[in-house]
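Letters A, B, ... mirror the listed sequences (proteins, then strands); counts begin at 1. Fair warning: this is a prediction, and the values are worked out from it, not measured in the lab.
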There are 2 protein chains.
Amino acid sequence: MTKLVPEKTGKPTVNDVARVAGVSLATVDRVLNARPGVRSVTIERVNKAIRDLSYVRDTAAANLARRRIYNLLFVLPATQNEFVAALEAQIAAQSENLQTDRTRLSIVKVPAFDPQELVRIVESIDPAKIDGIAVFGPETPSVRDALHHVKEKGIAVVSLVSDLPSSSRDHFVGIDNVSAGKTAAQLMGRFVPGNHGKILVITGSRLARDHLERRHGFDEVMASEFPEFKILPSLEGRDDADLLLKLLPPLFAKHPDIRGIYSSAAGNDGLIQFLRENALDQEIVVVGHELTPLSRAALETGIFDVIISQDTGHLVRSAVRLLRATADDAPFNPAQERIRIDIYLKENMPPE
Amino acid sequence: MTKLVPEKTGKPTVNDVARVAGVSLATVDRVLNARPGVRSVTIERVNKAIRDLSYVRDTAAANLARRRIYNLLFVLPATQNEFVAALEAQIAAQSENLQTDRTRLSIVKVPAFDPQELVRIVESIDPAKIDGIAVFGPETPSVRDALHHVKEKGIAVVSLVSDLPSSSRDHFVGIDNVSAGKTAAQLMGRFVPGNHGKILVITGSRLARDHLERRHGFDEVMASEFPEFKILPSLEGRDDADLLLKLLPPLFAKHPDIRGIYSSAAGNDGLIQFLRENALDQEIVVVGHELTPLSRAALETGIFDVIISQDTGHLVRSAVRLLRATADDAPFNPAQERIRIDIYLKENMPPE
DNA sequence: TTGTAAGCGTTATCAG
DNA sequence: CTGATAACGCTTACAA
């Protein structure tokens, strides 16, 4: 439709502020951007005008004038798992559309579960080239310090998927992993017929905070609501299918009466292969994490019963929005940035 | 952080296109916006330049210059239920932030389940004032025709929550309700101990397509995967707590062995009250729809066992994006607009 | 310490 | 049919 006479927005502009405050555009801009060289009286006068008019700056116009480009870096673990691959794919896909929004995305991969290397890479980030980073990695004191350093250089920092709460990250982008573990337990408890039996928990790494949190949540609900179950000690899979295929057979030999498996890490291939080969898929309730091609197929064929997931598209979009917002400390909408704990049954899987 | 020397984007602009095509800015703009008054030779020359440079227009700059304001109207049913209230709240909340994005949101309420009145209101929409509408309403031939008319006037149309597939709506913003019903059935089948018994389905209105679709999905999965259950005929609640409180007692007198209830509409208050008063809450598995204050409390206290939901914030944001995109037929990201079927247990409810 | 004026990428209003 | 040229709201040299 063609609007011949677009109604004016009526919103106050810098010009209005300047007029009301009795100063020039440049001065308004200076206080707006907290630039030096303005007397405090003048600052106050401008601020009053801003308040009186309830002025709010037009970010689009500002960015246009600034020719500003946001350079954002995703620091991801160099594992083979599908979840990380999905994240990478999302980053690639979105960086196309983000060209329009003056935002450049890049990725650097760090050897998995290797804090040293992570620290090295983070420390080497050039603040002249990068405005913000999203870090998916382990939580160690050295990592915390490294993040503190980049923050001090003026780079925005968010932790991704696995939180780094002791660090100076500006935000965490990911699900509440304790709740995710609790959710898994509730579903496990309800789904296993007769509501009792042995449960196996497969985890990824002891260094991965997300995995630990899930385990805690799982144990808590299992203990309080389903005490008839017996939870076996965790199996540490380390995203390594071969390792799992070695560990699983003796374990099942010892405990042939396992009734449920909670696969709390993202690497599902070893487990799926084992279950299929041993025709165990229909007898055991399996709760997995992250909707990926493999886990999706497992859900469709009944090998998996539930998948707890987080939307990788949302994860990336949220990280970008948050990074940009903290880079020019603008406000953001917390509700929009809350990553949901998605529960998938074969009935509500999204298409494709 | 302050970027002293912002790197240039390097992206081609209208100026580049004009230069390469050997025409003026104005002419480029004309073909860009498909305005009349350009020889087809010139058009082709400009288009070639656009292609060669792989130019893509800067929407921010365009909107700035246009002073364009998007006026969007939400047409909602005038029911008392909490879900619609949540939608309204989201619309109100988001319209604040959208001021920055040159987007104005407004709401009009139509008597629930009243196609006549809906038609009247839709037909009276002035295309000079409104750029797009999001309609949450019943599907009837007259509604379809009315929507066809507004579309012809150049107004963008999306259906909200409940689809109007036979109409000329540009998009549907909402969940796949058949899948939602299937999901409810799967959870019901798994959660009821012993996996058998009588199931009651409470629906809203026969005119509401979303409710019908849910019922279909529910029945399908129940029949194929849980044939031991007996599904009773639907109860039509019409979002009316008093009505339900009248209908429920005789029904339970007749079927004291009901083991599960699928409340497929959004109005849950009557049901919750009945269950609590009759101390039936712990014995019956209840699957409800839409996370609202009431249903959330019911989930926390164990009256409800599962809630299937759709994020009202996402619904509104998605409707706005889609309406804006079709208004100036720009592309959009389908993945971002897909509304998920959320499953909530008490363990994964979002905070607050 | 403050102001003037040019410019960011696009659209719109005039003339020609 | 086509082309200058002035906006849009904001930033930023460069002056004053």
Side-chain angles (χ1 to χ4, degrees), chain A residues 1-46 49-50 53 55-69 99-102 328 330, chain B residues 1-46 49-50 53 55-69 99-102 328 330:
Chain A
M1 68 180 303
T2 321
K3 258 317 178 1
L4 294 191
V5 183
E7 311 104 71
K8 291 197 46 184
T9 88
K11 266 190 0 183
T13 76
V14 267
N15 286 287
D16 300 319
V17 176
R19 191 172 28 73
V20 170
V23 298
S24 79
L25 242 32
T27 300
V28 173
D29 185 69
R30 287 186 186 103
V31 350
L32 230 38
N33 295 291
R35 271 187 272 270
V38 187
R39 274 186 311 167
S40 47
V41 234
T42 318
I43 294 184
E44 191 33 55
R45 205 134 47 93
V46 172
I50 289 179
L53 297 171
Y55 163 84
V56 33
R57 84 133 60 53
D58 183 328
T59 325
N63 284 337
L64 175 58
R66 250 194 266 244
R67 295 222 248 27
R68 194 207 206 298
I69 297 220
Q99 304 253 357
T100 321
D101 296 349
R102 299 155 199 289
D328 37 65
Chain B
M1 69 181 299
T2 321
K3 256 324 177 356
L4 294 190
V5 184
E7 312 102 72
K8 290 199 47 183
T9 90
K11 268 189 0 186
T13 74
V14 267
N15 286 288
D16 301 318
V17 175
R19 192 173 24 76
V20 170
V23 298
S24 79
L25 241 36
T27 300
V28 173
D29 184 68
R30 288 188 185 101
V31 350
L32 230 39
N33 295 291
R35 271 187 273 270
V38 188
R39 274 184 311 166
S40 47
V41 234
T42 318
I43 294 185
E44 192 32 55
R45 204 137 44 92
V46 172
I50 289 178
L53 297 171
Y55 162 86
V56 33
R57 104 164 4 79
D58 183 326
T59 325
N63 284 337
L64 177 58
R66 246 196 268 246
R67 295 224 250 24
R68 194 210 208 296
I69 297 223
Q99 304 255 357
T100 321
D101 295 349
R102 296 153 204 292
D328 38 66

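With values rounded to the nearest 0.5 angstrom, B:Arg19 atom CZ is found 11.5 Å from B:Leu25 atom CG. Atom CZ of B:Arg57 and atom CG of B:Asp29 lie 7.5 Å apart (nearest 0.5 Å). Within the model, atoms CZ of B:Arg66 and OG1 of B:Thr59 stand 9.0 Å from one another, a figure rounded to the nearest 0.5 Å.
Both B:Arg45 and A:Tyr55 lie close to DNA chain D; mapped to their nearest nucleotides by heavy-atom distance, the more 5′-ward contact belongs to B:Arg45.
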Taking only nitrogen or oxygen atoms into account, show me every contact under 3.5 Å that the protein makes with nucleotides 5-8 of chain C, one pair per line with its distance.
{"unit_1": "C:dC8", "atom_1": "O2", "unit_2": "A:Ala65", "atom_2": "N", "d": "3.2"}

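Partner A:Val17 forms a side chain to side chain contact (heavy atoms under 4.5 Å, CB included) with one of A:Val28, A:Leu32, A:Val31 and no other, that one being A:Val28.
Nearest heavy-atom pair, B:Val20 versus B:Ala49, reported as atom, atom and distance to 0.1 Å: CG1-CB, 3.8 Å. Pairing each heavy atom of A:Thr13 with each of A:Asp16, the nearest pair is N-OD2, 2.8 Å. Between A:Pro36 and A:Arg30, the closest heavy-atom pair is O-CD, 4.3 Å.
Not one N or O on the side chain of A:Arg68 forms a donor-acceptor pair closer than 3.5 Å with the backbone of A:Asn63.
Between the C1' atom of D:dT12 and the CZ atom of A:Arg68 lies a distance of 15 Å, rounded to the nearest Å. Whole-Å rounding puts the A:Glu44 CD to C:dT2 P distance at 13 Å. If you take CG of B:Asn15 and C1' of D:dG3, they are 13 Å apart, rounded to a whole angstrom. The separation between B:Ile50 atom CD1 and C:dT10 atom P is 10 Å, rounded to whole Å. Counting to the nearest Å, the P atom of C:dT10 and the CZ atom of B:Arg30 are 16 Å from each other. Look at CD1 on A:Ile43: it is 13 Å from C1' on C:dT2, rounded to the nearest Å. Whole-Å rounding puts the A:Asp29 CG to C:dT2 C1' distance at 13 Å. Here D:dG3 presents its P atom at 15 Å from CZ of B:Arg19, a figure rounded to the nearest Å.
Among the heavy atoms of the strands, none lies under 4.0 Å from A:Val28. Among the heavy atoms of the strands lying under 4.0 Å from A:Val38 are primed sugar atoms or P, OP1, OP2 only; no base atom is included.
Between A:Thr42 and C:dT2 there is a side-chain polar atom (N or O) within less than 4.0 angstrom of OP1 or OP2. Contact between the side-chain N/O atoms of B:Asn63 and the OP1/OP2 oxygens of C:dT10 is not found at any separation under 4.0 Å. The phosphate of C:dT2 has OP1 or OP2 within less than 4.0 Å of a side-chain N or O from A:Arg39. At least one side-chain nitrogen or oxygen of A:Thr27 sits closer than 4.0 Å to the OP1 or OP2 atom of C:dG3.
Remark on the helix from C:dT1-D:dA16 to C:dG16-D:dC1: inter-end axis angle 40°, axes from five-pair C1' superpositions, rounded to 10°.
Side-chain contact check for A:Arg45 versus A:Val38: every heavy-atom pair is 4.5 Å or farther apart. At least one side-chain heavy atom of A:Leu64 sits under 4.5 Å from a side-chain heavy atom of A:Arg102.
The listed nucleotides are D:dT11, C:dC14, C:dT11; the one nearest the side chain of B:Arg35 is C:dT11.
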